[in-house]
Q: 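I'd like to ask some things about the structure below.
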Amino acid sequence: MRSTRALAVGAALAALMASAGCDGKTDSAGPDGDGKSPTATASSPPSGDKASPGRPGSSGSGGNSGSSSSSGSTTEQGFSGALPEASDMDTLARQIDLFTSCKEVKPGTEYDASHDGTDAAWGTQEAADPSWGIKERAVCKDFRHPIALLLISDMRKFQTAAKKANAPFAIGKNYAVVPVGDDQIEALSPSGLAFLTCAPDFSPPSGHRTEKALVDGCVLSDYFPT
């Protein structure tokens, strides 16, 4: 059962990174599932879906260089404007539910005990690893797929681990989201979250912001590749 979950999560991350990489090589380049419309990341989705940590775990031209197309004050994330934050898991789930369905919220270990394979959620092992800086992990469901919800105690540690794992995420000021499926990712794109990626060939279309993350070689963007 553990082996099946590991394969599922690995396939999800590969799908997300492949999507970000392919988008970054085209002129229109740029924390899943069916929801209201909307994440690290992140389990193996049904055929046709791409999973990951948030396409909201790149830089490339203008990415790793830390250049920015916007002005104004920056947060400690290095991203212009205020990223959303959550004081607790209930607040985080309610924020995500504003953009894509996030129901039946359960603690990560409780969810993992009864779900495997294509229904597995990202972060089973990572949440138990102090190097990720994850304070709390929970999982909610949209109509088909799981969404991993991560409260982060140390965002610099989290981004360092994400870079090492080459995993993209959708992040807020103190949390990360790992959606599964293009519909979830698309729905989260206007949520105010940032897409964290350390892919060297990531390059969003003109008109989107790409700014330096807390960790060298990683960037934040308001463009969520699908």
Q: Closest heavy-atom contact between Ala127 and Arg137?
A: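 That closest heavy-atom pairing would be CB-CD, 3.7 Å.
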
Q: Is it the case that the side chain of Lys103 and the backbone of Asp97 share a donor-acceptor pair, with hydrogens and angles ignored and the cut-off at 3.5 Å?
A: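 No; zero donor-acceptor contacts below 3.5 Å.
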
Q: How close do Leu83 and Gly192 get, counting heavy atoms only, and between which atoms?
A: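 In terms of heavy atoms, the two residues are closest at CD2-O, 3.5 Å.
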
Q: With side chains defined as the heavy atoms from C-beta onward, is the minimum distance between Pro146 and Trp122 less than 4.5 Å?
A: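 No, their side chains stay 4.5 Å or more apart.
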
Q: Is it true that a side-chain atom of Glu136 and a backbone atom of Pro107 form a donor plus acceptor pair closer than 3.5 Å?
A: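 Side chain of Glu136 to backbone of Pro107, a donor-acceptor pair under 3.5 Å: no, none is there.
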
Q: What pair of heavy atoms forms the shortest contact from Leu196 to Ala162, and how long is it?
A: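 Reported closest heavy-atom pair: CD2-CB, 4.2 Å.
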
Q: Would you check if there is a donor-acceptor pair between the side chains of Asp112 and Thr109 at a distance under 3.5 Å?
A: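 The criterion, which ignores hydrogens and geometry beyond distance, is not satisfied for Asp112 and Thr109.
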
Q: Do you know which two heavy atoms are closest between Phe158 and Ile171, and how far apart they sit?
A: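 Scanning both residues completely, I find the closest heavy atoms to be CE2-CG2, 4.3 Å.
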
Q: Between Lys163 and Gly217, what is the shortest heavy-atom contact and its length?
A: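 Reported closest heavy-atom pair: NZ-CA, 4.2 Å.
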
Q: Any side-chain to backbone donor/acceptor pair from Asp142 onto Ser101? Under 3.5 Å, distance only.
A: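 Absent.
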
Q: Evaluate the side-chain proximity of Asn174 to Lys135: yes if any heavy-atom separation is below 4.5 Å, no if none is.
A: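 Of all side-chain heavy-atom pairs linking Asn174 with Lys135, none is under 4.5 Å.
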
Q: Could you report the tightest heavy-atom contact between Trp132 and Ala161, atom names first, then the distance?
A: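 Looking at all heavy atoms of both residues, the shortest contact is CD2-CB, 3.4 Å.
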
Q: Given 3.5 Å as the limit, does a donor-acceptor pair link the side chain of Asp154 with the main chain of Gly133, or not?
A: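 Side chain of Asp154 to backbone of Gly133: no pair is present.
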
Q: Nearest 0.5 Å, what's the CG-OG1 distance between Leu220 and Thr210?
A: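 It is 9.0 Å, given to the nearest 0.5 Å.
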
